[in-house]
Amino acid sequence: DVGVFARYGFNVLGIDYSEREVVSARSSFSGLNFQVQNVEDLTFVSGTVGAFFMINVIHYVDQVRAIDGILRSLKSGGLFFVHFNLSIIDRDGVVDYEQDEVEIFDLVSSFVILHRRVFERIDSEPIKHVHKIMELILKKR
């Protein structure tokens, strides 16, 4: 979370599409910067951001627009840490979401893949479900 990055000396800016979430984050992390922004239409000046960190977001948005905006915003050599859900399966075994690895690799083909890890996470809210996640650390060429 942004607090960890700030404690390690990074200049952080948290963004969320929801004003309510930004207000909540400001109260939880006083002294840190937050903005309402849509990841599908980032307003950062091209080539000015050192890194993006995105967990549990990319499957909710237009992935092409979001990744294009992140790539445009990153400095040369900038990093993008992201979790893609390969699948989300509910407690009854019903697949609620699925994304093919080949599609993901195509989406991130403009980056160098520095790290790739696949793992499962079990959540209990709102109901028990399992995420199969591909974690990537990407570097802008």
Side-chain angles (χ1 to χ4, degrees), residues 1-29 31-141:
D1 70 33
V2 293
V4 171
F5 292 107
R7 281 193 300 277
Y8 281 94
F10 291 94
N11 180 16
V12 299
L13 171 65
I15 65 171
D16 198 288
Y17 183 71
S18 164
E19 176 72 35
R20 184 177 62 114
E21 292 298 323
V22 168
V23 168
S24 174
R26 285 179 181 146
S27 70
S28 296
F29 299 98
L32 297 183
N33 295 320
F34 295 91
Q35 287 181 1
V36 175
Q37 258 199 76
N38 183 344
V39 71
E40 296 174 8
D41 191 28
L42 293 170
T43 61
F44 299 113
V45 174
S46 295
T48 60
V49 177
F52 283 90
F53 180 83
M54 182 185 292
I55 293 182
N56 205 31
V57 174
I58 196 75
H59 64 283
Y60 290 115
V61 300
D62 181 315
Q63 294 178 343
V64 171
R65 287 183 61 190
I67 291 170
D68 285 351
I70 288 168
L71 185 62
R72 178 195 58 77
S73 300
L74 279 172
K75 297 175 182 179
S76 180
L79 301 176
F80 178 29
F81 180 99
V82 60
H83 280 183
F84 282 93
N85 281 295
L86 297 173
S87 64
I88 302 173
I89 301 173
D90 71 17
R91 66 178 175 215
D92 299 320
V94 176
V95 176
D96 294 327
Y97 179 86
E98 210 166 29
Q99 186 166 16
D100 184 76
E101 287 188 34
V102 173
E103 179 185 0
I104 293 168
F105 290 133
D106 186 51
L107 285 166
V108 301
S109 63
S110 295
F111 293 89
V112 175
I113 298 173
L114 300 179
H115 165 82
R116 175 187 174 274
R117 177 174 74 114
V118 175
F119 64 97
E120 287 189 353
R121 184 186 81 215
I122 300 172
D123 291 346
S124 59
E125 297 294 329
I127 63 169
K128 187 175 180 183
H129 57 285
V130 177
H131 295 251
K132 184 175 180 185
I133 296 168
M134 179 189 294
E135 174 182 275
L136 295 174
I137 299 176
L138 307 167
K139 181 178 176 182
K140 182 176 179 177
R141 298 179 195 271

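Just so you know, these numbers use all the heavy atoms, side chains as well, and skip hydrogens, waters and symmetry mates. Predicted model, so just to flag it, every value in this text is computed and none were measured.
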Test your reading of the model: is there a side-chain donor-acceptor pair from [X] to the backbone of [Y], 3.5 Å cut-off?
| X | Y | result |
| --- | --- | --- |
| Ser109 | Asp106 | yes |
| Asp16 | Ser18 | yes |
| Ser87 | Ile89 | no |
| Arg91 | Ile127 | no |
| Lys140 | Leu71 | yes |
| Gln37 | Thr43 | yes |
| Arg65 | Asp41 | no |
| Asp62 | Val64 | yes |

Is the closest side-chain heavy-atom distance between [X] and [Y] below 4.5 Å?
| X | Y | value |
| --- | --- | --- |
| Ile70 | Val49 | no |
| Val82 | Ile67 | no |
| Val2 | Phe53 | no |

Report the distance from atom [atom1] of [X] to atom [atom2] of [Y], rounding to the nearest 0.5 Å.
| X | Y | atom1 | atom2 | result |
| --- | --- | --- | --- | --- |
| Phe119 | Ile133 | CZ | CD1 | 4.0 Å |
| Ile15 | Phe34 | CD1 | CZ | 11.5 Å |
| Arg26 | Gln35 | CZ | CD | 8.0 Å |
| Leu79 | Leu138 | CG | CG | 9.0 Å |
| Ile137 | Ile113 | CD1 | CD1 | 11.5 Å |
| Lys139 | Ser110 | NZ | OG | 15.0 Å |

>> Between Phe29 and Val12, is the side chain to side chain contact (heavy atoms under 4.5 Å, CB included) condition met? List the steps.
In response: CA-CA 11 Å; Phe29 299 98; Val12 299; over 6 Å; no
What's the shortest heavy-atom distance between [X] and [Y], and which atoms?
| X | Y | value |
| --- | --- | --- |
| Val61 | Ala66 | CG2-CB, 4.0 Å |
| Arg72 | Val45 | NH1-C, 3.8 Å |
| His83 | Ile58 | O-CG2, 3.3 Å |

Looking at [X], I'd like to know if its [atom1] atom is crowded, meaning that more than 12 non-hydrogen atoms belonging to other residues, nucleotides or ligands lie closer than 6.0 Å.
| X | atom1 | result |
| --- | --- | --- |
| Asn11 | CG | no |
| Phe44 | CZ | yes |
| Phe10 | CZ | no |
| Tyr8 | OH | no |

> Would Arg116 and Val118 satisfy side chain to side chain contact (heavy atoms under 4.5 Å, CB included), going step by step from the backbone distance to the final call?
Replying inline: CA-CA 7 Å; Arg116 175 187 174 274; Val118 175; 3.6 Å; yes
> Looking at the rings of His129 and Tyr97, which for Trp means the six-membered one, are their centres under 6.0 Å apart?
Replying inline: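 No - the distance between ring centres of His129 and Tyr97 does not fall below the 6.0 Å cut-off.
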> Relative to the ring of Phe111, is the ring of Phe80 parallel (under 30°), tilted (30 to 60°) or perpendicular (over 60°)?
Replying inline: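 Taking Phe111 first and then Phe80, their aromatic rings sit tilted (interplane angle of 30° to 60°).
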> Which residue, His131, Glu98, Arg121, Gln99, forms the side-chain contact (heavy atoms from CB on, under 4.5 Å) with Ile88?
Replying inline: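 By the side-chain contact (heavy atoms from CB on, under 4.5 Å) criterion, Ile88 pairs with just one of His131, Glu98, Arg121, Gln99: His131.
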>> side chain to side chain contact (heavy atoms under 4.5 Å, CB included), that's the test. Do Phe84 and Leu136 meet it? Break it down for me.
In response: CA-CA 8 Å; Phe84 282 93; Leu136 295 174; 4.0 Å; yes
